[in-house]
Amino acid sequence: GRLTRINRHALSLLGPEFGDVLGHTVRELDDLEPWRSATRMVEAVVQTRERATTRAVDASAGRTWELTAYLALAGKGSDERIILMVRDISRLVELQESLRHSETMSAMGSLVAGVAHEVRNPLFSISATVDALESELGKEKEYAELTGLLRSQVNRLRQLMRDLLDYGKPPVLRLAPVHPREVLRRAMRACAGLAREREVSLIDVVQDDMPAIQVDGSRLEQVFQNLLANAIQHSQRGGEVRALARVRPE
């Protein structure tokens with residue numbers, strides 16, 4: 001089981017401090033991977049006299065090796081030899097994991113988009129039913145709060161479906177000069193109904209002369225809308241939510 005030959009790649013794997021490895025056994029090389037697994041493989045081949053293959057992993061270093069050991073038939077009167085091959089497949093494993101992750105995310109995106117499409121039809125029916133209830137019962141105080149609650153939850157589900165459909169699409173930024181004031185005010189108008197239902201005052205404190213910025217306007221509007229809606233939902237009745245935007249001095 002002593003090393004009689006070793007190529008330069010194996011020597012590089014062992015490290016410069018093992019320049020005199022010839023004549024030693026694999027067990028004497030190092031207690032770390034891949035030599036720990038190599039030791040077990042060589043011992044197994046000696047016992048079974050059959051070819052063995054395995055993988056050795058050093059999780060801390062993020063490296064993986066493929067190990068193969070087999071008995072080399074020697075001529076008459078010669079000592080038997082075990083051939084040990086060690087191949088670093090860390091990059092291959094990394095690429096496989098990346099591909100597997102991409103395939104999983106792609107499948108998830110398709111599934112989410114399909115579910116969102118299917119939910120939109122019953123959600124439209126629920127919304128139409130709420131409209132009918134509000135038309136018939138909205139003037140009666142005892143039902144107004146219930147229909148308002150239903151309306152807010154339907155709107156939340158509708159927004160969730162839009163978010164899920166966006167999740168199923170490849171992210172594409174559409175950058176253009178946008179005035180923050182207009183984007184923020186559109187978001188405030190979208191949250192006005194929720195503010196009325198929660199009896200929260202939505203106050204515009206936006207500087208008029210703000211310069212245009214290069215952003216994706218629709219996505220920025222969604223960010224502002226989510227922030228405002230979250231603030232409204234967590235405010236007490238009679239409270240205030242202020243939308244403040246101004247140029248920060250240098």
Side-chain angles (χ1 to χ4, degrees), residues 108-109 112-113 115-250:
M108 286 180 61
V112 166
V115 170
H117 277 293
E118 291 298 322
V119 170
R120 284 197 304 178
N121 290 333
L123 186 59
F124 177 79
S125 298
I126 293 172
S127 181
T129 303
V130 173
D131 290 339
L133 287 173
E134 286 182 329
S135 177
E136 294 291 330
L137 306 173
K139 296 180 180 180
E140 300 183 31
K141 187 176 180 180
E142 58 182 314
Y143 296 113
E145 185 174 353
L146 294 177
T147 55
L149 178 61
L150 283 173
R151 170 63 58 198
S152 68
Q153 297 306 307
V154 167
N155 288 337
R156 286 185 64 190
L157 284 173
R158 186 180 290 117
Q159 182 59 54
L160 176 61
M161 291 304 101
R162 284 197 291 265
D163 292 344
L164 289 175
L165 286 171
D166 286 341
Y167 174 79
K169 298 175 183 176
V172 177
L173 291 177
R174 296 176 175 85
L175 301 179
V178 173
H179 289 280
R181 179 180 183 84
E182 296 304 318
V183 175
L184 188 51
R185 285 188 169 173
R186 285 199 301 269
M188 292 178 69
R189 285 195 294 270
C191 294
L194 177 62
R196 285 193 299 271
E197 293 170 11
R198 303 284 299 185
E199 298 179 11
V200 172
S201 298
L202 192 54
I203 301 175
D204 179 353
V205 192
V206 183
Q207 186 175 327
D208 287 324
D209 57 347
M210 295 187 68
I213 54 177
Q214 193 81 2
V215 295
D216 187 322
S218 62
R219 289 181 180 273
L220 186 60
E221 180 182 339
Q222 186 63 56
V223 170
F224 289 151
Q225 186 176 333
N226 290 345
L227 290 172
L228 290 170
N230 186 65
I232 292 168
Q233 290 167 355
H234 289 84
S235 296
Q236 295 181 349
R237 293 189 181 277
E240 294 182 353
V241 171
R242 294 175 176 267
L244 171 65
R246 62 170 178 253
V247 177
R248 193 173 74 175
E250 296 292 340

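The model shown is predicted, which means the values in this text are computed figures rather than measured ones. Residue numbers run from 1 in the order of the sequence given.
Taking S127 as the reference, R151, R158 meet the side-chain hydrogen bond (donor to acceptor under 3.5 Å, both in side chains) condition, with sequence neighbours excluded. Residues satisfying the side-chain hydrogen bond (donor to acceptor under 3.5 Å, both in side chains) test with Q207, not counting sequence neighbours, are D209. Annotation: side-chain contact (heavy atoms from CB on, under 4.5 Å) contacts of A212 (sequence neighbours excluded): P177, H179. R186 meets the side-chain hydrogen bond (donor to acceptor under 3.5 Å, both in side chains) test with E221; sequence neighbours excluded. Contacts of E240 classified as side-chain hydrogen bond (donor to acceptor under 3.5 Å, both in side chains), with partners at least two apart in sequence or in another chain: R242. When the side-chain contact (heavy atoms from CB on, under 4.5 Å) test is applied to V206, the partners found at least two apart in sequence or on another chain are R181, L184, D204, M210, A245.
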Show every donor-acceptor pair shorter than 3.5 Å between a side-chain atom in residues 188-201 and any protein atom, with sequence neighbours excluded, or say none if there are none.
unit_1, atom_1, unit_2, atom_2, d
R198, NH2, Q233, O, 2.9

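The neighbour count for Q236 CD, taken as heavy atoms of other residues, nucleotides or ligands under 6.0 Å away, does not exceed 12.
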Are V241 and I203 close enough, and set up right, to give a side-chain contact (heavy atoms from CB on, under 4.5 Å), and what steps lead you there?
CA-CA 6 Å; V241 171; I203 301 175; over 6 Å; no
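S235 and A231 get closest at one heavy-atom pair: OG-O, 2.6 Å. In terms of heavy atoms, P211 sits closest to V247 at CD-CG2, 3.6 Å.
Rounding to the nearest 0.5 angstrom, the gap separating the CG atom in L228 from the CG atom in L202 is 6.0 Å.
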